[in-house]
Engineer: 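Got a structure for you, questions after.
Both ligands and their constituent atoms are indexed starting at 1 by order of listing.
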Amino acid sequence: MKNHSKIDFQTKCVHSGIDEYEYGSVVPPIYQTSTFKFKSAQHGASLFAGEERGYIYTRMLNPTIEAMENAIAELEGGHKALGCGSGMAAVHTIFGALTQTGDHVVCSSAVYGPTTTLLNTIMKKFGVETTFVDTAKTDEVKKAIKPNTKVVYVETPGNPTLCISDLKEISDIAHQHKAMVVVDNTFMSPALQNPIALGADVVMHSLTKFLNGHADVVGGIIVVKDEQTYQHFRKTLNQLGGVIDPFNAFLVHRGLKTLAIRMERHCESAQVIAEWLEKHPLIKWIRYPGLKSHPHFNIGQKQHKGPGGMITLELKGGLEAGRVMMDSVNLFQLAVSLGGVESLIQHPASMTHFSMGKEARLAGGITEGLVRISVGIENVKDLIADLEQALEKVKIAQNKQHELHV
Ligand code: LCS
């Protein structure tokens, strides 16, 4: 987008990555092609040699994908972005690009389960060692950094504990030790948090979540700050091959246009629901970045523009009670993933974070009874009514259990 510096984020969501298209098309055309014809043998050779710019093959670059990448790079305040086939393809590409045998990574102890598993299996197999720490405690990050630490990888708020890490402090420490700071910004989206402005070097998202927002795409994105890093990541992505396809990129670009207003509604409704749940007698504990009771509330206030749409809680009665709640909701759908227009509920210990194993889960604060809610954009009164009737069923089930034991 031209002359964008003074334009508000809401406007950028609608216009970013949009160019002049053939036939005056207002939205980017879907170039659903695997390959692009060269004008001549010389043309093909000069494209490959990098002497001329143009499209060669969709794994390398595609105009529909590039339009979506440019849009997200602009929304994140980065230089350029790389579209990946999933969030995990983005995570893999990042570690593939930034580490080699003998390197060390410091990673938040509460991150999306398969990120932990990737570091503990594939990256470990290739000789990359990881120390998992509670990155909400900056001192722990400091202590974990070694001379061979190449990456400090932070997810904030963390999935699913919603613990919040101070990105500015962590970036300062990591940079003193010449380590790169990579932030998984999936839970906040660029509407609520811009890690690059806080000092991060690389930002990634699972596009599957808030950025696309409609639960119909699996994708990932990596945003970088400079051309050299971009070229290095582009080569790595091209070799690993985990690219997004043009149609999914088109859908994500379409989703971005409503990102600002969707995030406003996610935040508004999640705040109302979290405050309602906090007062409910069946709640053992609840965590939401917009509640003053959140242990890192003040860090959040400093670095994000809104508390997001994710809530985690544990009921009195633990896992058993949580299962009754999950089986009793009607509007909330019992499904993994998050960040879509529809509200979802799931159980991390047996679902999204199962692959980590119990020990790593407990070390990251993921208790067996923890239930995670993704608040959608439905009417908040309907969502509360659904939770209310589900919690009523939990109460009835607990009363029955009690009677059996008397
Ligand atoms: N990072 C975060 C914070 C995530 O929540 C996820 C997926 C990923 C990366 C990986 O992205 P994907 O490959 O799935 O696009 N989180 C999921 C979750 O919590 N439930 O299902 C998927």
Engineer: Name all residues meeting the side chain to side chain contact (heavy atoms under 4.5 Å, CB included) criterion together with T58; count only those two or more places apart in sequence or in a different chain, and write none if there are none.
Structural biologist: F36, N62, I65, P246
Engineer: I'd like to know whether CD of Q228 has more than 12 heavy-atom contacts from other residues, nucleotides or ligands below 6.0 angstrom.
Structural biologist: no
Engineer: I'd like the residue list for ligand 1, meaning every protein residue with a non-hydrogen atom under 4.0 Å from the ligand.
Structural biologist: S86, G87, M88, Y112, E155, N159, D184, T186, F187, S206, T208, K209, G219, V336, S337, L338, T352, R372
Engineer: With E359, which residues qualify under side chain to side chain contact (heavy atoms under 4.5 Å, CB included), at least two apart?
Structural biologist: none
Engineer: Restricting to pairs with a member in residues 156-169, which pass side-chain hydrogen bond (donor to acceptor under 3.5 Å, both in side chains), not counting sequence neighbours?
Structural biologist: T135-S165, T138-E169, N159-R372, D166-K302
Engineer: Report yes if the distance between the aromatic ring centroids of Y288 and H294 is under 6.0 Å, otherwise no.
Structural biologist: no
Engineer: Dump the intermediate steps for ring pair (Phe, Tyr, Trp, His ring centres under 6.0 Å) on Y153 and F95, then the final yes or no.
Structural biologist: CA-CA 10 Å; Y153 188 93; F95 287 117; 5.3 Å; yes
